[in-house]
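Working notes, structure below.
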Amino acid sequence: MPVGEFELIERYFADGFGKRDDVVLGVGDDAALVRVPSGSELVVATDTLVAGVHFPPQLTPEHIGYRVLAVNLSDMAAMGAAPAWCTLALTLPAADEVWLAEFSRGLRELALRHRVALIGGDTTRGPLTLTLQILGLVPAGSALRRDRANTGDLIFVSGTPGDAAAGLELLQHQSRHASSGYLVQRFCTPAPRVELGLALRGIASAAIDVSDGLHADLGKLLSSSAVGGRLELERLPLSDELLRGHGLERARELALHGGDDYELCFTAPVERRAAVLAAAKTCSCAVREIGVVDAREGLRCFDGGREIPVSTGGYDHFGL
């Protein structure tokens, strides 16, 4: 007998996601109640994942559950916020219990790791679509933002951009899902840089997470701050796996335009360079200085001192 909506919620989402003392009322009522500490600001982000748009059909349910939370945690990281609670709206073609068990396992794994409580949501029938809203906390006035970069600031990026896009290409060209391989795993289970975002509060001047491609997202940060920037291509941190599989030119293209990395791109004053590196070390997260903010409009790319024309690129749902 097919599982009903309320039984589905009770069986797969009502428990096992960790407890928080600041949840007054969670799953099971018309709305949730949470307690926001005095002196804190509430940080809210929402992402929707659509099958065939944000992930290939062969992605496992466990990886889908992991990713729907990971992409939202990355937004918290970019704001320097501590994630706290989430809600999930789940649209399913059918109430497949095997699928639901695997999906909730992937979601639960990451939620427990970051102490995120699932406090509500909705379920309905339709094409596979997942919308997760995440809420976090930041001390008043200390959130990282896109619009605070200044001329002369250094530009940094975490991790090795381009890996996830290469992993997605591998998945798209395979008839069956591959559960192993470094690049594939970088797409399936991205590592949201929550700890780094927290460590950069009071150090970074501006930040953004890399979801649509490094070039596009850094461009958004610079535009929001009404500044420009110079990016040194030879400084891009490229993984050995990406270089071996694609060569330098294609690796750079994937790093600049691939998206789905969920790394942090951020700026900081020159005098805080040492503090940036120390913060990254405490998080065991590699960061690389890749450029500098300047007053000239737009983002320009250089290789060995020579300016290189680069397409704007980046993912756009409504781009032509």
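The minimum heavy-atom distance linking S74 with D209 is given by the pair OG-OD2, 2.8 Å. Minimum interatomic distance between R20 and P83 (heavy atoms only, all atoms of both residues): NH1-O, 3.8 Å. Of all the heavy atoms in A101 and S104, the pair that sits closest is O-OG, 3.1 Å. The two residues C265 and V210 make their nearest non-hydrogen contact at CB-CG2, 4.0 Å. Among all heavy-atom pairs drawn from C86 and L132, the shortest one is CB-CD2, 3.9 Å. Between A255 and L214, the shortest heavy-atom contact is O-CB, 3.4 Å.
Here L49 contributes atom CG and L69 contributes atom CG; the two are 10.5 Å apart, rounded to the nearest 0.5 Å. Within the model, atoms CZ of R193 and SG of C285 stand 4.0 Å from one another, a figure rounded to the nearest 0.5 Å. Here the CG atom belonging to L242 is positioned 12.0 Å from the CZ atom belonging to R252, to the nearest 0.5 angstrom.
Contact annotation: the side chain of I64 approaches that of F55 to within less than 4.5 Å [non-hydrogen atoms, C-beta and beyond]. Using a 4.5 Å heavy-atom threshold, the side chains of L130 and R67 count as separate. Proximity of D260 to P190: side-chain heavy atoms (C-beta onward) are nowhere separated by under 4.5 Å. Residues E41 and M79 form no side-chain contact, since every pair of their non-hydrogen atoms from C-beta on lies 4.5 Å or further apart.
Checked against ring pair (Phe, Tyr, Trp, His ring centres under 6.0 Å), F103 has the following partners two or more places apart in sequence or in another chain: W99. With sequence neighbours left out, R244 forms a side chain to side chain contact (heavy atoms under 4.5 Å, CB included) with D240, E241. Scanning for side-chain hydrogen bond (donor to acceptor under 3.5 Å, both in side chains) contacts around R272 gives an empty result, with sequence neighbours left out. For the side chain to side chain contact (heavy atoms under 4.5 Å, CB included) test, residues two or more places apart in sequence or in another chain that qualify with R113 are Y66, E109, L110. Under the side-chain hydrogen bond (donor to acceptor under 3.5 Å, both in side chains) criterion, D294 pairs with R300, sequence neighbours left out. In this structure E232 satisfies the side chain to side chain contact (heavy atoms under 4.5 Å, CB included) test together with R230, E234, R235, F302, sequence neighbours excluded. For T151, the side chain to side chain contact (heavy atoms under 4.5 Å, CB included) partners are V227, A295, not counting sequence neighbours.
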**Item:** Test side chain to side chain contact (heavy atoms under 4.5 Å, CB included) applied to L236 and L231, step by step
**Value:** CA-CA 9 Å; L236 287 176; L231 191 156; 4.1 Å; yes
**Request:** Quick one: do I134 and D75 satisfy side chain to side chain contact (heavy atoms under 4.5 Å, CB included)? Show the steps, please.
**Result:** CA-CA 9 Å; I134 193 164; D75 289 328; 5.6 Å; no
**Prompt:** Can you check side chain to side chain contact (heavy atoms under 4.5 Å, CB included) on L92 and L128, steps first, answer last?
**Reply:** CA-CA 5 Å; L92 298 167; L128 182 58; 3.8 Å; yes
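Contacts classified as salt bridge (Lys or Arg N to Asp or Glu O under 4.0 Å) and involving residues 99-108 (residues at least two apart or in different chains) are given here: E62-R105. Every pair passing ring pair (Phe, Tyr, Trp, His ring centres under 6.0 Å) that includes a residue from residues 129-162 is listed here, sequence neighbours excluded: F156-F266.
Other cluster members for I119: V23, V34, V36, L42, V44, W85, L135, L137, joined by side-chain heavy-atom distances under 4.5 Å among Ile, Leu, Val, Met, Phe, Trp and Tyr. Taking a 4.5 Å side-chain heavy-atom cut-off between Ile, Leu, Val, Met, Phe, Trp and Tyr, the cluster of L33 extends to V24, L25.
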Quiz: residues 197-208 side-chain donor-acceptor pairs under 3.5 angstrom, not counting sequence neighbours:
| unit_1 | atom_1 | unit_2 | atom_2 | d |
| --- | --- | --- | --- | --- |
| R201 | NH1 | G80 | O | 2.8 |
| S205 | OG | D153 | OD2 | 2.7 |
| S205 | OG | T267 | O | 3.2 |
| S205 | OG | T267 | OG1 | 2.6 |

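Under a cut-off of 6.0 angstrom, the local environment of CD in E271 is crowded, with over 12 non-hydrogen atoms contributed by other residues, nucleotides or ligands.
L233 pairs in a side chain to side chain contact (heavy atoms under 4.5 Å, CB included) with only one of the listed residues (I290, L248, I308), which is I308.
Salt-bridge formation is not detected for the pair R306/D303: no Lys NZ or Arg NE/NH1/NH2 atom is positioned less than 4.0 Å from an Asp or Glu carboxylate oxygen.
Proximity of a side-chain donor or acceptor of T129 to a complementary backbone N or O of T91 within less than 3.5 Å is not detected.
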